[in-house]
J.: 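Dumping the structure here so I can ask a few things about it.
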Number of protein chains: 2
Amino acid sequence: MSKAANTRLTILHKAFELIYSKGYQTTSIDDIIATTQVTKGAFYYHFKTKDEMGIAIIEEILKPTMQEHFIKPTESSQNPIEDFYNMISYLLLEDPFLQVKYGCPVGNLTQEMTPWNDKFSGVLAELVDLWKKTIINSIEKGKTSGLIRKDVIGEQVAFFILSGYWGIRNFGKLQNDNSSYLVYLKELRSYLNGLK
Amino acid sequence: MSKAANTRLTILHKAFELIYSKGYQTTSIDDIIATTQVTKGAFYYHFKTKDEMGIAIIEEILKPTMQEHFIKPTESSQNPIEDFYNMISYLLLEDPFLQVKYGCPVGNLTQEMTPWNDKFSGVLAELVDLWKKTIINSIEKGKTSGLIRKDVIGEQVAFFILSGYWGIRNFGKLQNDNSSYLVYLKELRSYLNGLK
DNA sequence: GACATAAAATACTAATTAGTATGGAAAAAC
DNA sequence: GTTTTTCCATACTAATTAGTATTTTATGTC
């Protein structure tokens with residue numbers, strides 16, 4: 001990788017970490033260049049504006065990560081119910097990057113940037129839609145393979161699962177411990193079993 | 001009400017509206033005094049800092065509203081399942097103040113202010129805990145009256161319901177229309193029926 | 001190795017931010 | 001009716017913000 005491409009990526013990664021922990025608005029360009037050791041000239045060579053960088057983070061960091069970790073595994077799923085549970089459980093309890101007190105990066109950005117920034121809304125909506133569609137597909141497969149009841153409606157379940165995930169992430173932030181996660185996961189299990 | 005108490009309340013109300021629609025960080029004191037027609041001297045007479053005003057909004061606007069609209073009705077509930085659905089449905093589709101594109105005020109503040117502001121976390125946690133406890137109580141009553149299965153665990157369900165609500169509010173913000181609400185509500189109904 | 005362009009460093013600006021200092025008007029206390 | 005306290009108005013400050021202008025240094029190309 002060229003040196004230039006490298007500084008660009010450092011900016012994106014460090015900025016993402018800062019934004020994940022502090023929020024987009026409260027993360028200043030000065031914050032970013034201070035932690036990256038990159039000068040302002042370099043920053044503005046790579047990104048015309050702060051928002052352009054924000055969008056790049058979503059497109060180039062969040063999107064690929066999500067594709068790799070959640071979309072792909074779910075696509076190759078044989079047992080949707082089990083996999084949904086494992087996906088959420090992994091995200092809540094095991095993912096090494098995500099932290100209870102900082103919530104869900106996508107959820108945070110959605111909350112903070114919509115409704116007043118259409119560009120952010122657009123790319124975030126795409127991202128979430130991808131995830132949603134994958135879940136719906138997985139449910140349909142489960143229905144044909146007999147693992148899921150035929151009267152279950154994929155879109156409804158997808159919204160229900162993802163909403164629950166976003167919401168409990170907020171509880172985690174509020175209490176700053178994962179006890180709420182554990183309680184939530186038990187009910188998720190019971191809900192998912194109801195789809196069989 | 002005294003004139004002073006009146007200006008204080010105007011500040012709180014208008015500031016709350018601004019914060020609800022724009023977020024806490026992006027709402028400046030200058031924004032607030034501009035829309036309230038209150039001078040900076042008046043503002044800082046009533047509130048020592050911006051954060052003190054933020055806390056006051058939660059304690060004096062959000063808390064009472066919640067008590068009145070969600071805690072009380074749920075407490076006097078005879079049919080928890082039906083009332084849970086109606087509560088969420090009302091909040092999502094009918095409440096005249098809340099707007100799809102702005103999400104849930106409590107959820108927004110939680111997302112934005114935790115984890116880096118302990119004072120906000122504290123009062124918000126109290127608020128949410130109150131709501132959660134009311135739901136749990138309601139479930140227990142439903143269990144004794146036979147409307148809810150005996151093996152249902154109140155805390156789990158409370159987390160599940162509230163998480164779902166917060167989460168779907170985020171979807172609403174993202175898409176800026178209530179179509180996701182309608183889909184979500186159908187699955188909520190089906191989930192709640194599973195508790196019978 | 002000269003040259004062109006890409007990449008980055010430095011110093012700046014104009015606007016906005018939360019908060020302050022100080023003085024005056026309104027209301028209450030006496 | 002004077003004095004005291006409450007309440008509010010105006011003008012300011014120091015820090016921070018995103019972004020720019022300009023210069024300097026690498027890097028690749030011939």
Side-chain angles (χ1 to χ4, degrees), chain A residues 1-58 60 108-109 112-114 116-120 123, chain B residues 1-58 60 108-109 112-114 116-120 123:
Chain A
M1 180 166 45
S2 79
K3 204 169 165 244
N6 190 57
T7 56
R8 190 192 146 88
L9 264 188
T10 337
I11 293 172
L12 286 181
H13 274 116
K14 291 279 181 188
F16 174 53
E17 282 179 36
L18 283 172
I19 289 168
Y20 174 46
S21 63
K22 298 181 34 166
Y24 182 85
Q25 309 284 348
T26 38
T27 300
S28 69
I29 313 279
D30 287 331
D31 281 342
I32 296 169
I33 66 174
T35 61
T36 50
Q37 306 269 48
V38 158
T39 63
K40 191 160 272 194
F43 181 93
Y44 277 99
Y45 174 78
H46 287 284
F47 307 101
K48 272 215 293 286
T49 62
K50 186 188 177 186
D51 280 6
E52 189 178 300
M53 179 211 62
I55 301 293
I57 287 177
I58 300 175
E60 298 169 41
N108 292 356
L109 278 173
E112 193 180 353
M113 303 313 280
T114 60
W116 58 275
N117 189 308
D118 286 346
K119 197 81 174 65
F120 272 82
V123 291
Chain B
M1 180 164 46
S2 79
K3 205 168 164 242
N6 188 55
T7 56
R8 189 191 147 91
L9 264 187
T10 336
I11 293 173
L12 286 181
H13 274 116
K14 291 278 180 189
F16 173 54
E17 281 178 37
L18 283 172
I19 290 168
Y20 173 47
S21 63
K22 299 181 33 167
Y24 182 84
Q25 309 285 347
T26 38
T27 300
S28 69
I29 311 280
D30 286 333
D31 281 341
I32 296 168
I33 67 175
T35 61
T36 50
Q37 305 270 47
V38 158
T39 63
K40 192 161 272 196
F43 181 94
Y44 278 99
Y45 173 79
H46 287 285
F47 308 101
K48 272 215 292 287
T49 63
K50 187 188 177 186
D51 280 6
E52 188 177 300
M53 178 211 62
I55 301 292
I57 287 177
I58 301 175
E60 298 169 41
N108 293 355
L109 278 173
E112 193 180 354
M113 303 312 281
T114 61
W116 56 274
N117 190 309
D118 286 346
K119 196 80 175 67
F120 273 80
V123 291

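Every value quoted in this text rests on a predicted model; they were computed, and no experiment measured them. In what follows, chains are A, B, ... by sequence order, proteins preceding strands, each numbered from 1.
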J.: Round to the nearest Å and state the distance from A:Asn6 atom CG to C:dA6 atom C1'.
T.: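 Spelled out: CG on A:Asn6 to C1' on C:dA6 is 16 Å.
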J.: In whole Å, what is the span from the CG atom of B:Asp30 to the P atom of D:dT16?
T.: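 About 18 Å, once rounded to whole Å.
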J.: Under 4.0 Å, heavy atoms only, any strand: does B:Thr39 hit a base, just the sugar-phosphate, or nothing?
T.: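 Base, at least one base atom sits under 4.0 Å.
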J.: So if I take residues 43-52 of chain B and measure heavy-atom distances to DNA chain D, which residues fall below 4.0 Å?
T.: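 Output list: B:Tyr45, B:His46.
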J.: Select from B:Asp31 and B:Gly41 the residue whose nearest nucleotide in DNA chain C is closer to the 5' end of that strand.
T.: B:Asp31
J.: Taking the side chain of B:Lys40 as heavy atoms from C-beta outward, which of D:dC8, C:dA8, C:dT20 is closest to it?
T.: C:dT20
J.: Side-chain N or O of A:Ser28 versus OP1/OP2 of D:dT17: is the shortest distance under 4.0 Å?
T.: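 Yes, such a contact exists.
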J.: Which residues in residues 8-25 of chain B have at least one heavy atom lying under 4.0 Å from any atom of DNA chain D?
T.: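 Heavy-atom cutoff 4.0 Å gives no residues at all.
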J.: For B:Met53 and B:Ala15, which heavy atoms make the closest approach, and how far apart are they?
T.: SD-CB, 3.7 Å
J.: Looking at A:Asn117 and A:Asp51, what are the two nearest heavy atoms and their distance?
T.: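 The pair with the smallest heavy-atom distance is ND2-OD2, 3.1 Å.
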J.: Output the single nucleotide from D:dT17, D:dT10, C:dA27 whose closest atom is nearest the side chain of B:Lys3.
T.: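 Of the candidates, C:dA27 comes closest.
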J.: Quick check: closest heavy atoms across A:Arg8 and A:Ala56, and the distance to 0.1 Å?
T.: NH2-CB, 4.0 Å
J.: Taking all atoms of both residues into account, what is the closest heavy-atom pair of A:Leu109 and A:Ile58, and its distance?
T.: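 Looks like CD1-CG1, 4.1 Å.
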J.: How do A:Ile29 and B:Gln37 order along DNA chain D: which one's closest nucleotide is nearer the 5' end?
T.: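 This one resolves to B:Gln37.
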J.: So does B:Ser28 get a backbone contact from the side chain of B:Asp31, meaning a donor-acceptor N/O pair under 3.5 Å?
T.: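 Such a contact is found between B:Asp31 side chain and B:Ser28 backbone.
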J.: Looking only at non-hydrogen atoms, find the nearest pair between A:Ile11 and A:Thr36 and report the distance.
T.: CA-CG2, 4.0 Å
J.: Describe the nucleic acid contact of A:Thr7 in one word from base, sugar-phosphate, nothing, applying a heavy-atom distance below 4.0 Å.
T.: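 Here A:Thr7 touches the backbone only, sparing every base.
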J.: Does the A:Lys50 side chain pair with the main chain of A:Thr27, one donor and one acceptor, at a distance under 3.5 Å?
T.: yes
J.: Whole angstrom is fine here: how far is it from CD1 in A:Ile33 over to C1' in D:dA18?
T.: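 Taking CD1 of A:Ile33 and C1' of D:dA18, I get 11 Å after rounding.
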J.: So B:Phe47 and B:Leu12, do their side chains get closer than 4.5 Å, heavy atoms only?
T.: yes
J.: Specify the separation, in whole Å, of atom CD1 of B:Ile32 and atom C1' of C:dT17.
T.: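 In whole Å, C:dT17 C1' and B:Ile32 CD1 are 12 Å from each other.
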J.: Search all heavy atoms of A:Trp116 against all heavy atoms of B:Lys22 and return the closest pair with its distance.
T.: NE1-O, 4.4 Å
